[in-house]
Amino acid sequence: MSRLNSREIEPKWQKIWDDAAVFRARRDPEKPKYYVLEMFPYPSGRIHMGHVRNYTLGDVIARYKRATGHAVLHPMGWDAFGMPAENAAMREGVHPGVWTRQNIADMRDQMKPLGFSIDWSREFATCDPEYYGQQQRLFLDFLEAGLVARKSAVVNWDPVDMTVLANEQVENGRGWRSGALVERRELTQWFFRITDFSDDLLAALDGLENWPDKVRLMQANWIGKSRGLQFSFEVVDGPEGHAALEVYTTRPDTLLGASFAAISPDHPLALKLAETNGDLATFAEECRRIGTSEEALETAEKRGFDTGLRVRHPLDPDWTLPIWVANFILMDYGTGAIFGCPAHDQRDLDFARKYDLPVIDVFKSSADAPDVIDEAYVPPKTQSVTFVRPLDGGPDMTGTEAIDRAITFAEGRGLGEGVTKFRLRDWGVSRQRYWGAPIPVVHCERCGVVPEKRENLPIRLPDDVDISIPGNPLARHPTWSQTTCPVCGGPARRETDTMDTFVDSSWYFARFTSPDADTPTDPEEAGYWMTVDQYIGGVEHAILHLLYSRFFARAMHQTGHLPATAVEPFAALFTQGMVCHETYSIPGPEAEGQKRWFAPDEVKRTEAGATVIETGEPAVIGPSIKMSKSKRNTVDPVDIVEQYGADTARWFVMSDSPPERDVEWTAAGADAAWKHLQRVWRLADEIRADPDGPEDEALLRTVHRTIDAVTVRRSASSSGPSGSARISSASLQTR
RNA sequence: GCGGGCGUGGCGGAAUUGGUAGACGCGCCGGAUUCAAAAUCCGGUUCUGGUGACAGAGUGUCGGUUCGAGCCCGACCGCCCGUACCA
């Protein structure tokens, strides 16, 4: 009787697959097509268990579909632009391109032994000029189609390093390298007009039946369609050009509860007043130090500054309200100004309590009204439309009806108009960095901003750059930006901003259908393979990446690069859970931050606890959390493959937990997975040992019951991988 | 802060959707087999008390609805993801 020897079998079959090119995707009119895709990796240098889980999920589906007579496309590539390469360059003095290419080579070497059924002939990296050149072509096509805009946006500015910082590089309001207080600064930047598609991106979510509800809900909330009233306050003795203050509210029915007006520190009126009011200018300056992330802005302590100006209440000209500048008003949403209604909005209430502003309950007559307002409330069911009801004589009514009625009433009186607004903002794609796709436009003194000629694409990144200091190496390169104007032929300057790396990942799935085409896509190939039938990746991409990709598919359709059938790029989406591991640490002499972390292979784990192998010190066993470098709780797939073989790693991540849930990697679990494979091997071996003997009817029956159960469950489940999860549990019960 | 998710034995997880909580698997314990070990096979395994029959407790916490709640409702706690320049 033989034993499973993964070390021999796996390379043997991988070579046979490779030589026969069995995973090469081929169009076949006789077969239904199936495109399965896992979110492509960032080439950090090492694959981790999260990758193994992700690609195994896709691999199971790819193999299943091939086995059931489909023409399958299952490609792999590299999301190769981004900040880590520049950081490595600064840290180690290595060129970002060299670093990235080496990482790709390393990771490919680590992935190959896992035996995924990938069509490697389609591999590309987004830092290939052949790829980003086509992306530049798309940029120009979008520009021509009116899908690109140029406007100003706020960035984090490090005044010491003289560079733009990513939100991630801002720590407690300070630049991570310089430690300088970060400022907000406005730059003119390029935007994709994703808001042109707000309505469609929202409405089409309904059709994405094979997406998780939670992702659809998150996207819907992100797009944030709301119906409200836009109206203007008359500003009493306002400065020139500011006789009126436009505000937008989703709760016009609470208008009589207004006790103040508030504007963003970046609102034009605030800027105007700050010109002559030093204290206000100082206050606004302090607000601008918070940073640009929504999270930072919203969690900051609510602060305000009374401008001394007042506005007239629209329903009562004798009633005036103070105008405050408040740090929790976002210039990006609505009009950058609100009316404050403390009784019915918690943020307004916090603000009113802090600055001693009135709290007026407009639902006092409602049965739900509290005697004293401790927290903002809105009556759940019946609510009187306080300012409308006495005037139009109608009945009390519920939420949205009340709001609609207030809008109708206000419109009838000429007070304002009903407006639909979206929370979604246009997508700013300009980045002041080197390692990204150059934006293919030219700045000419005579002709202004002009697009590059398509025949000049790709606009390549220069290799000879100085990365050792912060800032944009393209901007300080002595010659790269010098060019001639495509229109007048005069001297001109290249755009030195590069594109957001999310652009790279917003169409790679389309490029996989024709990776060598000299246009962004080959219509015939894209028409055959698109859309992606099953997309698999982490839930952390639920909003941005997936929304940008949905936008891109629409924009690519509009510019003739994708068929109408592919405006939704991913027919089905599966979000897998994370791979976790417990942590081992020894607390330092000082505080939390002093902990020393130990990797699983540095620790001897017993029932009683854990000790550091080298020193024999006892280590504290921490909770199982996502594998990460900083906590050192990673298990290298390469080690597992060497120890047990790829099938053990693949089997473990597929069987131990349902794929949509987090899985905890344990040495015992890996061992068990290996044992299970041994059992399967032995079972098959026993049958093979007596090929002429009578068939084992009980076994045959079990096998077919299992197949039946798997098939039934698969077709019943809405998306693929949850079905394949059942394959695991069903097989485990065999015999 | 806001949006989304999760919380059941030592562990992964079941629970036919409001009807015997812990299926199945892992691990562990005991036994068989073996010169011995591995592998394999059999049995046990929520916790507490009890030799035992058995008794009591139990699905993050508190409260509610119900004849009946892991499941429905309300409030809270903890962890995770996202929050538009991390990918």
Side-chain angles (χ1 to χ4, degrees), chain A residues 1 3 39-44 79-85 87 126 153-157 163-170 187 189 191 194 212-224 291-302 328 330 332 346-347 350 380 423-433 436 497-502 504-505 537-548 575 577-578 580 582 607 623-626 652 655-658 660-673 675-676 678-679 682 725 728-734:
Chain A
M1 188 186 289
R3 292 187 65 189
M39 292 179 184
F40 67 163
Y42 177 79
S44 60
D79 189 13
F81 277 134
M83 286 204 310
N87 295 338
T126 56
V154 179
V155 296
N156 300 306
W157 178 258
T163 186
V164 177
L165 299 177
N167 285 334
E168 196 190 46
Q169 299 172 318
V170 179
L187 296 182
Q189 310 210 39
F191 285 80
I194 188 171
D213 287 342
K214 62 176 174 180
V215 174
R216 291 197 284 175
L217 183 58
M218 278 191 267
Q219 291 221 349
N221 288 338
W222 186 261
I223 295 167
T292 63
S293 80
E294 187 190 333
E295 194 247 343
L297 287 169
E298 290 282 342
T299 52
E301 186 199 356
K302 309 265 174 294
F328 62 93
L330 306 175
D332 284 320
Q346 190 57 43
R347 284 183 309 180
D350 295 342
R423 207 184 75 96
L424 184 64
R425 310 197 299 253
D426 277 333
W427 174 14
V429 297
S430 298
R431 297 292 181 271
Q432 298 69 41
R433 287 178 225 294
D497 283 358
T498 52
M499 287 186 231
D500 179 8
T501 55
F502 271 118
D504 312 335
S505 56
V539 72
E540 67 271 20
H541 293 292
I543 297 174
L544 294 181
H545 163 60
L546 291 165
L547 194 61
Y548 292 152
T575 55
M578 297 178 303
C580 301
E582 60 184 21
E607 206 146 329
S624 184
I625 54 174
K626 180 182 182 176
F652 180 76
S655 64
D656 193 66
S657 287
E660 69 275 15
R661 291 248 211 134
D662 291 352
V663 60
E664 185 186 0
W665 183 277
T666 58
D671 221 46
K675 275 189 200 168
H676 176 81
Q678 295 287 352
R679 207 170 296 145
R682 199 177 59 245
S728 331
S729 46
S731 306
L732 277 169
Q733 287 159 30
T734 303

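First the proteins, then the strands, lettered A, B, ... as listed; each starts at 1.
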Does the structure show a Watson-Crick or G-U wobble partner for B:C6, both distances under 3.5 Å? Name it, or say none.
B:G78
Between CD of A:Gln169 and P of B:A84 the distance, given in whole Å, is 14 Å
Can you tell me if the side-chain N/O atoms of A:Thr501 get under 4.0 Å from OP1 or OP2 in B:A87?
yes
Closer to the 5' end of RNA chain B via nearest nucleotide, is it A:Lys302 or A:Asp671?
A:Lys302
Show the nearest heavy-atom pair for residues A:Ile194 and A:Trp427, with the distance to one decimal.
CG2-N, 3.8 Å
Please classify the nucleic acid contact of A:Ser430 as base, sugar-phosphate, or nothing, using heavy-atom distances under 4.0 Å.
base
Mind calculating the distance between OH (A:Tyr548) and C1' (B:A87) to the nearest angstrom?
13 Å
Please work out if A:Arg423 contacts a base, only the sugar-phosphate, or nothing of the nucleic acid, heavy-atom cut-off 4.0 Å.
base
What about A:Arg661, does its side chain sit under 3.5 Å from the base of B:C6 through a donor-acceptor pair?
no
Considering only side-chain heavy atoms of A:Glu298, which listed nucleotide, B:G4, B:G1, B:C85, is closest?
B:G1
Please state how far atom CD in A:Glu168 lies from atom P in B:A87, giving the value in whole angstrom units.
7 Å
Identity of whatever pairs with B:U40 - Watson-Crick or G-U, under 3.5 angstrom:
B:A32
Return the nearest nucleotide to the side chain of A:Asp79; candidates are B:A87, B:U40, B:G1.
B:A87
Only pairs with both distances under 3.5 Å count, Watson-Crick or wobble alike; so what is the partner of B:G68 in this structure?
none
Could you work out the separation of B:C72 and B:U40 based on their C1' atoms and round it to a whole Å?
49 Å
For A:His545 and A:Phe502, take the angle between the two ring planes, folded into 0 to 90°, and tell me which bin it lands in: parallel under 30, tilted 30 to 60, perpendicular over 60.
parallel
Closest to the A:Lys214 side chain, choosing from B:G1, B:A14, B:G5
B:G5
Separation of B:G7 atom C1' from A:Asp662 atom CG, nearest Å, is 12 Å
Whole-Å P distance, B:A69 and B:G63:
14 Å
Choose from B:C81, B:A87, B:C85 the nucleotide whose nearest atom is closest to any side-chain atom of A:Val539.
B:C81
Atom CD in A:Glu298, atom CG in A:Leu330: separation rounded to 0.5 Å?
5.5 Å
Taking O4'-C1'-N9-C4 for purines and O4'-C1'-N1-C2 for pyrimidines, is B:G50 syn (within 90° of 0) or anti?
anti
What's the closest nucleotide to the side chain of A:Glu540 if the choices are B:C81, B:A39, B:C85?
B:C81
Pairing check on B:G52: which nucleotide meets the Watson-Crick or G-U wobble criteria with it, both distances under 3.5 Å?
none
From B:G1, B:A87, B:A84, pick the nucleotide closest to the side chain of A:Phe502?
B:A87
Mind checking who B:U83 pairs with, Watson-Crick or G-U wobble, both distances under 3.5 Å?
B:G1
Counting side-chain heavy atoms from CB outward, which of B:C85, B:G3, B:G13 is closest to A:Asn221?
B:G3
Nucleotide B:A39, atom C1' - distance to CZ of A:Arg679 in whole Å:
11 Å
Taking only side-chain N and O atoms of A:Arg431, does any of them lie within less than 4.0 angstrom of OP1 or OP2 on B:C85?
yes
Distance, P atom - from B:G3 to B:A75, rounded to whole angstrom
13 Å
Determine the contact category for A:Met578: base if any of its heavy atoms lies under 4.0 Å from a base atom, sugar-phosphate if only primed atoms, P, OP1 or OP2 are that close, otherwise nothing.
sugar-phosphate
Whichever of A:Ser293 and A:Met218 has the more 5' nearest nucleotide on RNA chain B, that residue is A:Met218
Taking any heavy-atom pair under 4.0 Å as a contact, classify A:Leu424: base, sugar-phosphate, or nothing.
base
For atom P, what is the distance between B:U51 and B:G43, given to the nearest Å?
27 Å
Rounded distance in Å - CD (A:Gln346) to P (B:G3)
13 Å
At 4.0 Å (heavy atoms only), tell me whether A:Gly538 reaches a base, stays on the sugar-phosphate, or touches nothing.
nothing
Looking at B:U45, which nucleotide sits across from it as a Watson-Crick or G-U wobble partner, both distances under 3.5 angstrom, or is there none?
B:G27
Watson-Crick or G-U wobble partner for B:G63, using a 3.5 Å limit on both distances?
B:C73
Distance in angstrom units between A:Phe40 CZ and B:A87 P, rounded:
11 Å
Mind checking the OG1-CG spacing from A:Thr292 to A:Asn167? Nearest 0.5 Å is all I need.
4.0 Å
Can you tell me whether the base of B:U33 sits syn or anti, using the 90° cut around 0 to define syn?
anti
Please state the C1' separation for the pair B:C71 and B:A21 - nearest whole angstrom.
12 Å
Nearest-angstrom distance, C1' atom, B:U83 to B:G64:
35 Å
Rounded C1' spacing from B:C6 to B:U59 in Å
14 Å
For the side chain of A:Asn167, starting at C-beta, report the closest nucleotide among B:G3, B:G1, B:C86.
B:C86
How far does the P atom of B:A23 sit from the matching atom of B:U16, given to the nearest Å?
15 Å
Distance from A:Thr501 atom OG1 to A:Tyr42 atom OH, nearest 0.5 Å?
8.5 Å
Distance, rounded to the nearest Å, where A:Trp222 contributes CH2 and B:G3 contributes C1':
9 Å
